[in-house]
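Working notes, structure below.
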Amino acid sequence: MLPPIEVYNTLTRRKEPFVPVDDRRVGIYLCGPTVYDKAHIGHMVGPVIFDTIKRYLVYNGYDVTWVVNITDVDDKLIQRSAARGIPMPELAREMTEDYLANLRALGVDQIDHMPKATEHIPTIIAFIQQLIDRGYAYEVDGDVFFDVTKDEEYGKLTNRSWQSFQGEGGEAADRKRHPADFALWKRAKEGEPSWDSPWGPGRPGWHIECSAMSKALLGETFDIHGGGLDLVFPHHENEIAQSECCHGKPMAKYWLHNGLLKREAAGKVGGRAERESGASESLTYEDIAAATAAKESRSKGAGGLADLIARYGGETIRFFLLRTHYRSTVVFSEQGLEETRAALETFYRFFQRYERLTGQSFYDLTAPQRREEGDFDPAGDELLEEVHRIRKAFLDHMDDDFNTGGATSQLFELVRALNRYIDRHQLESPGADSQHLESLRRGVTVLRELSSLLGLFRSPPARATGGDDALVGKLVELLIEVRADARKRKDFETADRIRDRLGEVGVVLEDRPDGTDWRLEAEH
RNA sequence: GGCGCCGUGGCCAAGUGGCUAAGGCAGAGGAUUGCAAAUCCUUUAUCGCCGGUUCGAAUCCGGCCGGCGCCUCCA
């Protein structure tokens with residue numbers, strides 16, 4: 001029996017049971033970036049949620065192949081590289097590396113293929129030729145256009161018809177038969193990067209690479225096609241037109257679209273330029289940082305996504321994105337990241353607590369990799385009964401269109417249950433009951449299992465310490481020692497003074513029965 | 001104008017017909033602590049407004065108010 005996963009399908013505008021085209025094999029295609037500028041946090045929404053979706057499908061026993069394309073030839077790239085005076089491939093390479101670094105930082109490592117448009121030109125040309133041969137496309141003076149009037153189903157994804165389009169004129173419009181027709185191949189202008197084709201030198205249109213590369217890597221019909229909501233029209237609508245006219249069968253069974261990131265004031269982060277404003281062609285993180293964080297003007301300075309990652313950590317950003325449902329709009333703010341970081345501290349402190357009382361690192365626990373492996377019988381155990389219930393609630397949320405927002409709430413429930421158990425049975429005291437410790441270990445293993453599904457807590461977070469760790473550590477230990485003597489003498493004035501002054505510089509002390517722990521407060 | 005989305009406690013945010021409306025952040029009180037920190041417990045919601053359907057609606061339908069996305073290339 002198939003796991004009861006349901007997904008919201010943009011194509012049918014409703015939630016449907018997830019049943020792959022081909023038994024246990026699943027193909028996912030996500031529209032990736034056009035690499036003409038550095039990535040901003042909005043570009044990470046899709047990769048993070050689809051990374052999580054793949055993890056969840058694998059966990060449920062599916063054999064998943066995930067493709068994310070890189071668009072490395074396009075008008076923006078041509079313009080930007082010209083403006084910077086560097087070759088387009090060099091610009092593309094630079095921005096692709098930036099993109100990949102950001103993916104790594106956010107723990108996105110499930111991608112199987114990252115095809116580049118420029119590496120699939122022959123595939124693309126063959127695809128276009130097929131469309132011409134079948135009468136769905138026509139060539140005019142070196143341009144090739146898709147003829148929407150030949151596609152009876154054109155507009156089905158977004159519930160609109162080509163007859164309703166007005167078209168906006170423009171230079172290429174004169175050569176099109178209908179304003180709604182779109183370019184498959186663009187003839188090269190003087191000095192532009194180009195490839196030879198049956199229609200003369202030129203480059204692929206915006207949509208065709210996805211049709212051609214998804215076919216090459218996933219087949220004519222695959223399971224999930226994803227992207228940002230801003231891509232639904234025209235990009236995905238046109239992909240469907242191209243692929244389904246060419247193959248005579250559905251391109252993808254499920255169309256999943258993630259919501260866009262916005263900042264409070266106005267304007268989305270990502271997607272294309274605003275229509276009316278005519279302002280900058282896209283909002284980069286610099287704009288947002290300037291709007292939301294400039295007033296605090298830390299010495300760090302507000303920069304791009306890399307700066308956000310440096311200041312908050314990739315895990316915080318990932319968790320921030322997963323705390324809402326993927327289809328909803330995420331309002332970006334540094335306050336939101338601050339809150340997320342504060343919330344994550346609960347987990348990090350728990351991991352330290354667990355290690356302190358068992359000597360075992362949370363990160364060394366081996367969790368079940370498959371859903372059925374993780375099933376267990378609580379056998380009446382007080383803690384495990386509760387853990388079992390929480391695990392089920394977590395999985396129910398994930399089954400329901402990958403509701404990571406609901407699922408994360410169960411992670412908090414779980415860590416609280418575990419803390420409560422430690423408190424109630426005094427597991428931090430010397431004579432802790434081994435049976436209780438074993439139950440705890442099993443409970444914590446479930447926390448590891450579930451958090452892994454979200455790509456969280458896979459390795460210890462890089463702590464932003466902002467200084468020389470070793471020296472700071474020695475000095476703090478020294479002060480703790482001095483303070484311990486003071487406390488023995490009941491000289492609480494001195495003891496409190498040390499703690500207060502350390503607190504002022506961001507060092508938090510925690511007195512425990514067996515000694516004093518310290519940690520650096522998260523930056524703020 | 002066309003297609004579509006959203007409005008849940010101070011803030012963020014799950015929940016789309018029926019147990020006491022998740023969870024986080026912030027705040028308050030308590031247990032614990034020499035005092036703190038951490039942890040645990042307690043605590044804040046007539047679900048934008050009006051009307052309708054229903055035994056029953058945050059959840060479905062209609063209207064209104066407010067916010068937003070998309071409506072090709074040329075950008």
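Residue numbers start from 1 in every chain, and the chains themselves are labelled A, B, ... in the order their sequence lines are given, proteins ahead of strands.
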Specify the residue among Phe492(A) and Thr329(A) whose closest nucleotide of RNA chain B lies further upstream toward the 5′ end. Thr329(A)
Pair Asp511(A)-Arg487(A), salt bridge (Lys or Arg N to Asp or Glu O under 4.0 Å): steps then yes or no: CA-CA 11 Å; Asp511(A) 293 329; Arg487(A) 292 180 73 207; 3.4 Å; yes
I'd like the P distance from G63(B) over to G24(B), given in whole Å. 39 Å
Hey, does Val232(A) reach any base, or is it just sugar-phosphate, or nothing, if we go heavy atoms under 4.0 Å? nothing
Return the orientation label for the Tyr29(A) and His225(A) ring planes: parallel under 30°, perpendicular over 60°, tilted otherwise. tilted
Check whether the side chain of Asp511(A) and the base of C35(B) form a donor-acceptor pair under 3.5 Å. yes
Can you tell me, in whole Å, how much space there is between the C1' of C5(B) and that of G48(B)? 16 Å
In terms of the nearest nucleotide of RNA chain B, which residue is placed more toward the 5' end: Arg327(A) or Arg349(A)? Arg327(A)
Reading nucleotides 14-24 of chain B from 5' to 3' and marking B where a protein heavy atom lies under 4.0 Å of the base, S where only the sugar-phosphate is that close, and - otherwise, the string is SSS-----BBB
Could you tell me whether the side chain of His397(A) and the main chain of Ala393(A) form a donor-acceptor pair under 3.5 Å? yes
Is Asp517(A) touching bases, backbone alone, or none of the nucleic acid, heavy atoms closer than 4.0 Å? nothing
Can you list the steps and then say if Phe362(A) with Ser451(A) is a side chain to side chain contact (heavy atoms under 4.5 Å, CB included)? CA-CA 11 Å; Phe362(A) 170 83; Ser451(A) 57; 4.1 Å; yes
Mind checking the P distance from C49(B) to C65(B)? Whole angstroms is fine. 15 Å
Considering only atom C1', compute the distance from A13(B) to G4(B) and round it to an integer number of Å. 23 Å
Give Lys490(A) one of three labels, base, sugar-phosphate or nothing, depending on what nucleic acid heavy atoms sit under 4.0 Å from its own. nothing
Using the C1' atom on both, measure U44(B) against U20(B) and round to a whole Å. 16 Å
Complement of G34(B), any strand, by Watson-Crick or G-U distances under 3.5 angstrom: none
Looking at Tyr8(A), does the NZ or CZ of Arg14(A) lie under 6.0 angstrom from its six-membered ring centre and within 45 degrees of the ring axis? no
Give me the distance, rounded to whole Å, that separates U53(B) from A45(B) when you measure between the P atoms they each carry. 30 Å
Determine the contact category for Glu237(A): base if any of its heavy atoms lies under 4.0 Å from a base atom, sugar-phosphate if only primed atoms, P, OP1 or OP2 are that close, otherwise nothing. nothing
Nearest whole angstrom, please: distance from the P of C5(B) to the CG of Leu260(A). 15 Å
Indicate, yes or no, whether a donor-acceptor pair under 3.5 Å links the base of G34(B) to the side chain of Arg487(A). yes
What is the pairing partner of A21(B), taking Watson-Crick or G-U wobble pairs with both distances under 3.5 Å in any strand? none
Tell me: CD of Glu504(A) to P of A36(B), nearest whole Å? 18 Å
Can a salt bridge be assigned to the pair Arg420(A) and Asp423(A) using a cut-off of 4.0 Å between side-chain N and carboxylate O? no
Give the nucleotide from the list A37(B), C41(B), G4(B) with an atom nearest to the side chain of Arg420(A). C41(B)
In plain terms, say whether Glu315(A) and Arg318(A) are close enough for a salt bridge, that is, a side-chain N and a carboxylate O under 4.0 Å apart. no
Spacing of Asp496(A) atom CG relative to G34(B) atom P, expressed in whole Å: 12 Å
Mind checking whether Tyr154(A) and Phe233(A) have parallel, tilted or perpendicular rings, split at 30° and 60°? perpendicular
Length of the line joining Leu502(A):CG and A36(B):P, which is rounded to integer Å: 18 Å
Could you tell me whether Arg483(A) contacts a base, only the sugar-phosphate backbone, or nothing, with contacts defined as non-hydrogen atoms closer than 4.0 Å? base
With rounding to the closest Å, how many angstrom separate the P atoms on A21(B) and U46(B)? 12 Å
Any strand counts, and the cut-off is 3.5 Å on both contacts for Watson-Crick or G-U wobble. Which nucleotide pairs with G4(B)? C68(B)
Tell me which nucleotide among A37(B), U39(B), C73(B) gets nearest to the side chain of Asn419(A). U39(B)
Paired nucleotide for A28(B) [Watson-Crick or G-U wobble; both distances under 3.5 Å]: U42(B)
d(CD, Glu192(A); P, C74(B)) in whole Å: 11 Å
Could you give the CG-to-P distance, from Leu157(A) to G4(B), as a whole number of Å? 12 Å
Testing C70(B), C40(B), G34(B) for proximity to the side chain of Asp423(A), the answer is C40(B)
With a 4.0 Å cut-off, would you call Arg497(A) and Asp500(A) a salt bridge? no
Rounded to whole Å, CH2 of Trp206(A) lies from C1' of A75(B) at a distance of 11 Å
Can a salt bridge be assigned to the pair Lys156(A) and Glu244(A) using a cut-off of 4.0 Å between side-chain N and carboxylate O? yes
Determine the interatomic distance between C1' on G9(B) and the same-named atom on G27(B); round to the nearest Å. 13 Å
Using only side-chain N and O atoms of Asn159(A), determine if any of them is under 4.0 Å from OP1 or OP2 of G4(B). yes
When the distance from CG of Leu337(A) to P of C25(B) is rounded to whole Å, what number comes out? 15 Å
Complementary nucleotide of A58(B), counting Watson-Crick and G-U pairs under 3.5 Å: none
Any N/O donor-acceptor pair, Lys262(A) side-chain to C68(B) base, under 3.5 Å: no
Heavy atoms under 4.0 Å, any strand shown: does Leu509(A) hit a base, just sugar-phosphate, or nothing? base
Please tell me which of the listed nucleotides, C41(B), U39(B), C35(B), lies nearest to the side chain of Arg499(A)? C35(B)
